[in-house]
Amino acid sequence: MDNHLTELNIQQREAVTCINGPLMIIAGAGSGKTKVLTTRIAHLMASGVDAFNILALTFTNKAALEMKERIEKILNITEVRNLYIGTFHSVFARILRVEAAHLGYPNNFTIYDTDDSRSVLKTIINELDLDDKHYKPSVIHNRISAAKNALMSPVEYNNDYYIQQEDIKTKRPAIGQIYKTYTDKCFKNGAMDFDDLLLKMHELLKNHPDVLHKYQYKFKYVLIDEYQDTNPVQYQIAKLLAATHENICVVGDDAQSIYSFRGATIENILQFKKDYEDVKIIKLEQNYRSSQTILNAANKIIEHNKNQIQKLLWTENKEGEKIKLVRTMTDNDEGKFVANTIQEKKLRNHYYNNDFAILYRTNAQSRAFEESLRRMGIAYRIYGGMSFYQRKEIKDLLAYLRVVVNPKDEEALKRIINYPARGIGKTTIEKCLTIANEQNTSMYNVLQHAAEHGFKASALESIQNFVTMIRYFQSMLSNTNAYNFAVQVGKHTNIVKELFNDKTTEGLARYENIQELLNSIKEWTEMPSNEDGELGDKSLGSYLQQITLLTDSDNDKEEGDTVKLMTIHAAKGLEFACVFIVGVEEMLFPNVMSINTREELEEERRLFYVATTRAKEKLWLTYANMRYRFGQLVQNEPSRFLQEIPAEYVDKSYAGVGARNQEAENVNRKFRTVEDNFEYNDIKKNSKSQTWNYKQQGKSQPSSYVANNPTRTKNIQHIPSSNFTPSDTSNLKIGQQVEHQKFGFGSVIKIEGSAHNPIATIQFELSGEKKIMLNYAKLRMVE
DNA sequence: GATTGCGCGATTTTT
DNA sequence: TCGCGCAATC
């Protein structure tokens, strides 16, 4: 332990060893923040603090995991397991699971992700007969989220004059009503959304002194990472938890606060000093990451912000190269320049793809870079986009698990009640919902007593079969672990089989995704737990709660050597040898949406600061004269931020129009043959099946690109035989060979549905299993 | 039930 | 431009 202390500088050591009382660490970019936090926790334990009494809150699972791993290197593993390290959301979810009854919630409450929340809102908006084009669920959700993060209840929302005026101005006066209905509905469904995890935690501590005391006593030491990004609820919770012992240590950097649009406020940093009289403040100002040039430039940039805590980052690192400013004609040229330059640097300076990051302000900018990297055969990976758990097939299977665990979960129920199709159509579902509303009960409860509600015979039978199935699952749940259970559900519902039979590229990917999900459940089931019951809960309910809080990157197994493409937001906390900040233009960066107030502009500047400080050795700033935006060619001025960097740190020789990417283009030409060899290597390194991380659902376009993949195929379209004439299918039999104009040849494996609307399930040779409505589809019987 | 076609809208987003 | 969501078709 002691030798870990010797590795620290004076300020870092002080931050680690000063264990009692309130402490605020202002940690500049690259100043060894994580090192300090982890060493501090290790030091606490070495000083005799029990792991069970330490709570460390982070913003991302990734940060939590990294901390855990680092502490494990210092301490033994069992001890680390007993620590409470996690995101605000995941830690609170665990506590709420234990304490749910105090709030009238079931232990197995569902956690709604953003999609679920929006879907609930959409239902409500339609029920209230409002126009969902004007009352867009995403907009409403943001508004409600903001209210929750500011600790504002629906009642307070509706009584707030200023808020009401705002909503009237935007012609959305019903938001308050929607908020109220939404809250009620979530409660009825036994569900909490992301914001509720914070809000309910606060409510729990605020209204239940016994519970508050329990956790105050338990968490004698509280640590909070990325403090500049906390919002008012998180702030209040931290304050409550730390009130007895006041052993609270927060780490943050006001200059890196970039999430104010999500309710985060730097106020919390300023308020901290007021809340705790004897607060100790330590500044970490030595930067271990960047070259002097890069760091000096960053310092100069952030100086333009009025609102900030004074500090000056310095480094002992080498001066390094100047920052290269690059102007290109178009956005496509920008893409080419970056790809060419990466190629050049790889060859000349022996960098790996992993050393490069391309950072942009908006996701839409990624395309030009994807194209040029692909053309050059450079393996890359895009971060952001659809997460694994948002995929349809994953959500479908999870929805079954959710309903079994919490039958009140209406969102999940609606998702699976007729998937795979089992004859419970729209009308039946509508009717259930109406009855549930009238009787103020859950939809599942209506299904359970369907016989009393006068459904027609066929619908009633389908419903009863469905309920029987769910009951069967529920009884199974008590006899087996989460993994076996999930496998059984997949089998029993035919979901797995259906995907298995779909031989299209997308179908294959979906099948693999399901397998991946099952694997992850298995892994989770087998993961060792701590000595404390709360973290050792291996039930399915506990799994579902934690899974919702995971994001894409949490599944991210290190995969190959790739150039990283991501938004600047996503890059926070990361570092790369070589960084390209692209699209450094007015209207883009700073973004048009954020140039109206000083606050907005300063946040954009902090964003630019964050981007700059990601670079260790080399930094390029690029901008284009013209680029396509929303299909229109627009001309942009270079960003105002560029002028904020003193000329002495910048190499402008690439910024002249004529000179633009000549050098890189020459290099490119010269090394073309070598490049092809590289391409081959990239394929090999990167061609392990990457089944998720697709940018958009259903598209077979992996965001991690495999160079010139020869196996990539378009779906083969069937060309109908010349003698194709539709047959009369009224007495189609199982086993009959048929031809479909599009799907090709196949054989009938099942016929269901009513007499006037028969549905045949046909196994096609090329297209997999399909359900065909015989009234519409043209089928030719093959002799 | 599943596929095609049109119209619309389009920052950032740790959970 | 491009992707999606919903309505019209098979």
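First the proteins, then the strands, lettered A, B, ... as listed; each starts at 1.
- Scored by the ring pair (Phe, Tyr, Trp, His ring centres under 6.0 Å) test, A/Tyr511 finds A/Phe500 as partners (sequence neighbours excluded).
- Across all strands shown, A/Tyr628 has no heavy atoms under 4.0 Å from either base or sugar-phosphate atoms.
- Between the side chain of A/Arg361 and the base of B/dT12, at least one donor-acceptor pair of N or O atoms lies under 3.5 Å.
- Side chain of A/Asn363, nearest nucleotide from B/dT13, B/dT11, B/dT15: B/dT13.
- Side-chain contact between A/Ile424 and A/Thr428: present, with at least one pair of heavy atoms (C-beta onward) separated by less than 4.5 Å.
- Qualifying ring pair (Phe, Tyr, Trp, His ring centres under 6.0 Å) partners for A/Phe59, counting only residues two or more places apart in sequence or in other chains: A/Phe88.
- Scanning for side-chain contact (heavy atoms from CB on, under 4.5 Å) contacts around A/Glu203 gives A/Leu103, A/Lys200, A/Asn207, with sequence neighbours left out.
- In this structure A/Tyr419 satisfies the side-chain contact (heavy atoms from CB on, under 4.5 Å) test together with A/Lys392, A/Asp396, A/Ile495, A/Glu498, sequence neighbours excluded.
- Interface residues of residues 582-603 of chain A facing DNA chain B, ordered by number: A/Met593, A/Ser594; criterion, heavy-atom separation under 4.0 Å.
- With centres under 5.5 Å and a plane angle under 30°, the ring of A/Phe261 is stacked against the base of B/dT12.
- Within the nucleic acid shown, A/Asn418 comes within 4.0 Å of sugar-phosphate atoms alone, with no base atom in reach, counting heavy atoms only.
- With sequence neighbours excluded, no residue forms a ring pair (Phe, Tyr, Trp, His ring centres under 6.0 Å) with A/His141.
- For A/Tyr543, the ring pair (Phe, Tyr, Trp, His ring centres under 6.0 Å) partners two or more places apart in sequence, or in a different chain, are A/Trp524.
- A/Phe88 comes within 4.0 angstrom of nothing in the nucleic acid, heavy atoms only.
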Fill in: Strand DNA chain B as a dot-bracket string - pairs counted if Watson-Crick or G-U with both distances under 3.5 Å, | where the partner lies in another strand
||||||||||.....
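- Scanning for side-chain contact (heavy atoms from CB on, under 4.5 Å) contacts around A/Glu599 gives A/Thr597, with sequence neighbours left out.
- With B/dT14, B/dT13, B/dA10 as the candidates, the nucleotide lying closest to the side chain of A/Lys136 is B/dA10.
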